[in-house]
Amino acid sequence: MNSKIVAIVGGGLAGLSAAVEAHDQAYNHYIDATILLLEKENNIGGNSMKATSGINGVEPKYNDTMGAFYKDTIQSGGGQADLVTKLVQDSPSALNWLEQAGVDLSVVSQCGGHSYPRTHRCGPGPNGAPIPIGFKLVDTLKKRAQNLGIDIRTNARVTSITYNQLPPLFTLTINNNDSERISVDALILTSGGFGGQIHATDLDNKTTLLKEYAPQWVDRATTNGPWANGDGVRLGLSLGATTVDMDQVQIHPTGFVDPNNPTAMSKFLAPEALRAYGGILLYQGRRFVNELTTRDLLTQAILQVTSGQSSPSIWLLLSDQAGHDFGESSLAFYEKKGLIKKVNNNEDDLAQAMQLDDSSILKQTLEQYDSQQNGKLDSFGKSRFPTKLVSSPYYWLAQITPCVHYTMGGLKINTDAQILDKENNLPIPGLFGAGEVTGGVHGSNRLAGNSLLECVVYGRTAGINAIKSLN
Ligand SMILES: Cc1cc2nc3c(=O)[nH]c(=O)nc-3n(C[C@H](O)[C@H](O)[C@H](O)COP(=O)(O)OP(=O)(O)OC[C@H]3O[C@@H](n4cnc5c(N)ncnc54)[C@H](O)[C@@H]3O)c2cc1C
Ligand SMILES: *[C@@H]1O[C@H](CO)[C@@H](O)[C@H](O)[C@H]1NC(C)=O
Ligand SMILES: *[C@@H]1O[C@H](CO)[C@@H](O)[C@H](O)[C@H]1NC(C)=O
Ligand SMILES: *[C@@H]1O[C@H](CO)[C@@H](O)[C@H](O)[C@H]1NC(C)=O
């Protein structure tokens, strides 16, 4: 008996979803297939491990509808209609699948650009400590994959792929080692984006995809791990695939600046929820933007106000109430890392912490903010003012800066997760893709929570269709 082999390149959420679903599809249809998950790092998880905001799914409990979710996604980025339709329509079953696997998705919040609460994450653990959603998703599916006997190999970087005219269709080379070649019958690329290599050249001394497609962001700090290096896009291109939206890179407006290492190129994300619960942004004691506008506009405003200034420090300030609503155990984590601190509500302390010569400007700003009414637009276009500031006994204060965060572009796929070729825009037989390595779903701006969803929806589809392609 000759078992067919399906290889999956990249062990993040998309790869794990594909692996588990491929296994189940083969098992349920009595197909003899070996599922092989290849991961170049020492541990699987990729950027999926870093996610904290949540995963989207239509939530009828809050009156959300497929139509509203579709409209929000298209309005935010102008992604491809058929891909977005599938993303939205498959969201309830994707969340259900994760819950069946044992992931608690009971906390739902409304993030920027969403017209209903639909971003799901885990409730706190038994001791009140936060359970980060990305870690929980990866950990749950990894255990599931191991239990199912899926072959997970780490420290295995796929460095080149050749296409054979006859099955097995692909031959992979691992770690540039000609003695480590694997021939496989179907291939799923789930290797993530290219936002982790932010300089002009990468570790192999090759020009980075960032330099090639969005050079204006080169040498800016990133929230990604260095593993997000664009390998998958290059491998796809070598097989004749076509790409879409490669120049569309999401800059997250708020990465934490670590005062102990302000020039570090890798930064922790200051999650959007800090602003959703009432955090404001200050430059030299003044507000300058609606803190709840979309990521692209907020980034633009920050870059504009700091442009050409000798001291480009932007401060994120939260009242004690906002901190409480966001979650004190999460704040304690950032505080321990030195990324956020408590400052007494006292003019001298605040002026010193924010390096202000004149603290009267800050005083005016806070008083002005407290005089705004919920539901009425202020001069920056903000109409939600969740907490008062002047009366807070202390503040949470952090310095932030815009960071490279997500690469919207990638390999072009269809709704069956087949990767399309450059020549005719037709599926390349046996080749599938899912997650951040692909493009088209998010257009020019990704909504919070849509990426994890994309990984599960298209990862599952890729797994099923890879097995179907073996016939
Ligand atoms: C800090 C942060 C917070 C985020 N928060 C959210 C959120 O709350 N909600 C949301 O929806 N999205 C969020 N995102 C985006 C989201 O996490 C990612 O887009 C998504 O997880 C990508 O998943 P993936 O499976 O496509 O890739 P990844 O999870 O990055 O996994 C890809 C894996 O492939 C491996 N790999 C790459 N090349 C090769 C190769 N040649 N051979 C073998 N292995 C290879 C990599 O090492 C990596 O482990 C966040 C991103 C970051 C950085
Ligand atoms: C949903 O809509 C119904 C009917 O309009 C309304 O009564 C209810 O309060 C809404 N629920 C939420 C959570 O907004
Ligand atoms: C290449 O792979 C072979 C077989 O796995 C191994 O014995 C050898 O040490 C590898 N070479 C290098 C340079 O890693
Ligand atoms: C990249 O270039 C540097 C400096 O020229 C060199 O030291 C290093 O060995 C090169 N790395 C690779 C992988 O070629």
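Note that ligands are numbered from 1 as they come in the structure, with each ligand's atoms numbered from 1 the same way. Quick caveat: nothing in here was measured; it's all calculated off a predicted structure.
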Worksheet item: Given Arg460 and Asp90, is the side-chain contact (heavy atoms from CB on, under 4.5 Å) satisfied, shown in steps?
Response: CA-CA 10 Å; Arg460 294 180 70 196; Asp90 286 3; over 6 Å; no
Discussion item. With rounding to the nearest 0.5 angstrom, report the NZ to CD distance, Lys211 to Gln216.
Written reply: 10.5 Å
Worksheet item: For atom 34 (O) of ligand 1, which protein heavy atom lies nearest, and how many Å away is it?
Response: Gly10 CA, 3.1 Å
Item to complete: Give a yes-or-no answer on whether the side chains of Ser53 and Thr119 include a donor-acceptor pair shorter than 3.5 Å.
Response: no
Worksheet item: Can you find an N or O of Leu13 that's nearer than 3.5 Å to an N or O of ligand 1?
Response: yes
Worksheet item: Between Leu269 and Lys50, is any pair of side-chain heavy atoms under 4.5 Å apart?
Response: no
Fill in: Polar proximity ligand 1 side, Gly54 side, N/O cut 3.5 Å exclusive
yes
Worksheet, complete the sentence: Per-atom filter on ligand 1: closer than 4.0 angstrom to a heavy atom of Trp227 are 47 (O)
Worksheet item: Knowing that exactly one of Arg157, Lys40, Gln197 qualifies, which makes a side-chain hydrogen bond (donor to acceptor under 3.5 Å, both in side chains) with Asp231?
Response: Arg157
Worksheet item: Nearest protein heavy-atom contact for atom 51 (C) of ligand 1: which residue, which atom, what distance?
Response: His405 CE1, 3.7 Å
Discussion item. Quick check: Asn63 and ligand 2, any N/O pair under 3.5 Å apart?
Written reply: yes
Response to the item:
shortest atom 27 (O) of ligand 1-to-protein heavy-atom contact is with Gly192 CA, 3.4 Å
Item to complete: Give, for atom CE of Met408 and atom CG of Asn445, the distance between the pair rounded to the nearest 0.5 Å.
Response: 6.0 Å
Discussion item. Checking contacts here: is it the side chain or the backbone of Ala448 that comes within 4.0 Å of ligand 1, counting heavy atoms only? Could be both or neither.
Written reply: neither
Discussion item. Heavy-atom contact check, 4.0 Å cutoff: does Gly232 meet ligand 1?
Written reply: no
Worksheet item: Considering all heavy atoms of both residues, which atom of Arg295 and which atom of Ala448 are nearest to each other, and what is their separation?
Response: NH2-CB, 3.5 Å
Practice prompt. Please identify which atoms of ligand 1 are closer than 4.0 Å to at least one heavy atom of Gly435.
Written response: 26 (O)
Discussion item. Strictly inside 4.0 angstrom of atom 14 (O) of ligand 4, do you find any protein heavy atom?
Written reply: yes
Worksheet item: Which of these passes side chain to side chain contact (heavy atoms under 4.5 Å, CB included) with Leu16: Ile150, Leu141, Ile8, Thr140?
Response: Leu141
Item to complete: Please state whether Leu38 comes within less than 4.0 angstrom of ligand 1, counting heavy atoms only.
Response: yes
Item to complete: Please write down residue, atom name and distance for the protein heavy atom closest to atom 29 (O) of ligand 1.
Response: Ser48 OG, 2.5 Å
Fill in: Where ligand 4 meets Leu203 - atom numbers and elements under 4.0 angstrom, heavy-atom basis
13 (C)
Worksheet item: From Leu453 CG over to Leu13 CG, what is the distance, rounded to the nearest 0.5 angstrom?
Response: 9.5 Å
Worksheet entry | Within reach of ligand 1, part of Asn450 (heavy-atom separation under 4.0 Å) | backbone
Worksheet entry | Identity and separation of the nearest protein heavy atom to atom 30 (O) of ligand 1 | Asn47 N, 2.9 Å
Worksheet entry | Shortest non-hydrogen contact between Ile188 and Ala466, atoms and distance | CD1-CB, 3.7 Å
Worksheet item: Can you check side-chain contact (heavy atoms from CB on, under 4.5 Å) on Thr154 and Asn43, steps first, answer last?
Response: CA-CA 6 Å; Thr154 53; Asn43 292 300; 5.9 Å; no
Worksheet item: Is atom 7 (O) of ligand 2 in close reach of the protein, with a heavy atom under 4.0 Å away?
Response: no
Item to complete: Could you go through the side-chain contact (heavy atoms from CB on, under 4.5 Å) check for Leu98 and His120 one step at a time?
Response: CA-CA 11 Å; Leu98 295 171; His120 295 66; over 6 Å; no
Worksheet entry | Under 3.5 Å: N/O of Asp231 near N/O of ligand 1 | yes
Fill in: Structural part of Thr159 in contact with ligand 1, heavy atom criterion under 4.0 angstrom
neither
Worksheet entry | Region of Phe268 that comes within reach of ligand 1 [heavy atoms, distance under 4.0 Å] | neither
Response to the item:
the protein heavy atom lying closest to atom 25 (O) of ligand 1 turns out to be Ala14 N, 3.0 Å
Fill in: Asn205 N/O to ligand 4 N/O under 3.5 Å
yes
Worksheet item: Against heavy atoms of Thr190, which atoms of ligand 1 measure under 4.0 Å?
Response: 32 (C), 34 (O)
Discussion item. Does ligand 1 come near enough to Val158 that some N or O of the ligand is less than 3.5 Å from an N or O of the residue?
Written reply: yes
Item to complete: If you have a sec, work out which protein heavy atom is nearest atom 16 (C) of ligand 1 and how many Å separate them, to one decimal?
Response: Ser451 OG, 3.4 Å
Item to complete: Look at ligand 4 and say whether Thr201 reaches it with a heavy atom at a distance under 4.0 Å.
Response: no
Discussion item. Please classify the Arg446 to ligand 1 contact at 4.0 Å (heavy-atom distances, strictly less than): side chain, backbone, both or neither.
Written reply: side chain
Response to the item:
In short, Ile161 meets Ser238 closest at the heavy-atom pair O-OG, 4.2 Å
Fill in: SB check Arg144 Asp24 (cutoff 4.0 Å)
yes
Discussion item. Using a 4.0 Å heavy-atom cut-off, which part of Thr223 comes near ligand 1: side chain, backbone, both, or neither?
Written reply: both
Practice prompt. Applying side-chain contact (heavy atoms from CB on, under 4.5 Å), run through Glu39 and Ile152 and close with a yes or a no.
Written response: CA-CA 8 Å; Glu39 167 58 53; Ile152 301 180; 5.6 Å; no
Worksheet entry | Any protein heavy atom < 4.0 Å from atom 2 (O) of ligand 2 | yes
Worksheet entry | Mode of Thr52 contact toward ligand 1 - side chain, backbone, both, neither (heavy atoms, under 4.0 Å) | backbone
Discussion item. Tell me the protein heavy atom at minimum distance from atom 35 (C) of ligand 1, and give that distance in Å.
Written reply: Glu39 OE1, 3.3 Å
Response to the item:
Rounding to 0.5 Å, atoms CD1 (Ile419) and CG (Leu187) come to a distance of 7.5 Å
Discussion item. Looking only at distances, can you tell me whether any N or O atom of Leu452, backbone or side chain, sits closer than 3.5 Å to an N or O atom of ligand 1?
Written reply: yes
Discussion item. Please identify which of these residues, Asn176, Ile174, Leu172, Asp204, meets the side chain to side chain contact (heavy atoms under 4.5 Å, CB included) condition with Thr159.
Written reply: Asn176
Worksheet item: If every non-hydrogen atom of Gly15 is compared with every non-hydrogen atom of Thr190, which pair is closest and at what distance?
Response: CA-OG1, 3.3 Å
Item to complete: With atom 43 (C) of ligand 1 as the reference point, say which of Lys40, His120, Glu272 has the nearest heavy atom.
Response: Lys40
Worksheet entry | Phe135 atom CZ, neighbour heavy-atom count above 12 within 6.0 Å | no
Worksheet entry | Smallest separation among heavy atoms of Tyr277 and Phe326, with atom names | CD1-CA, 3.5 Å
Worksheet item: Where on Cys455 is there a heavy atom closer than 4.0 Å to ligand 1, on the side chain, on the backbone, on both, or on neither?
Response: side chain
Worksheet item: Would you say Gly193 contacts ligand 1, with heavy atoms under 4.0 Å as the rule?
Response: no
Practice prompt. Enumerate the atoms of ligand 1 whose separation from the nearest heavy atom of Glu41 is less than 4.0 angstrom.
Written response: 47 (O)
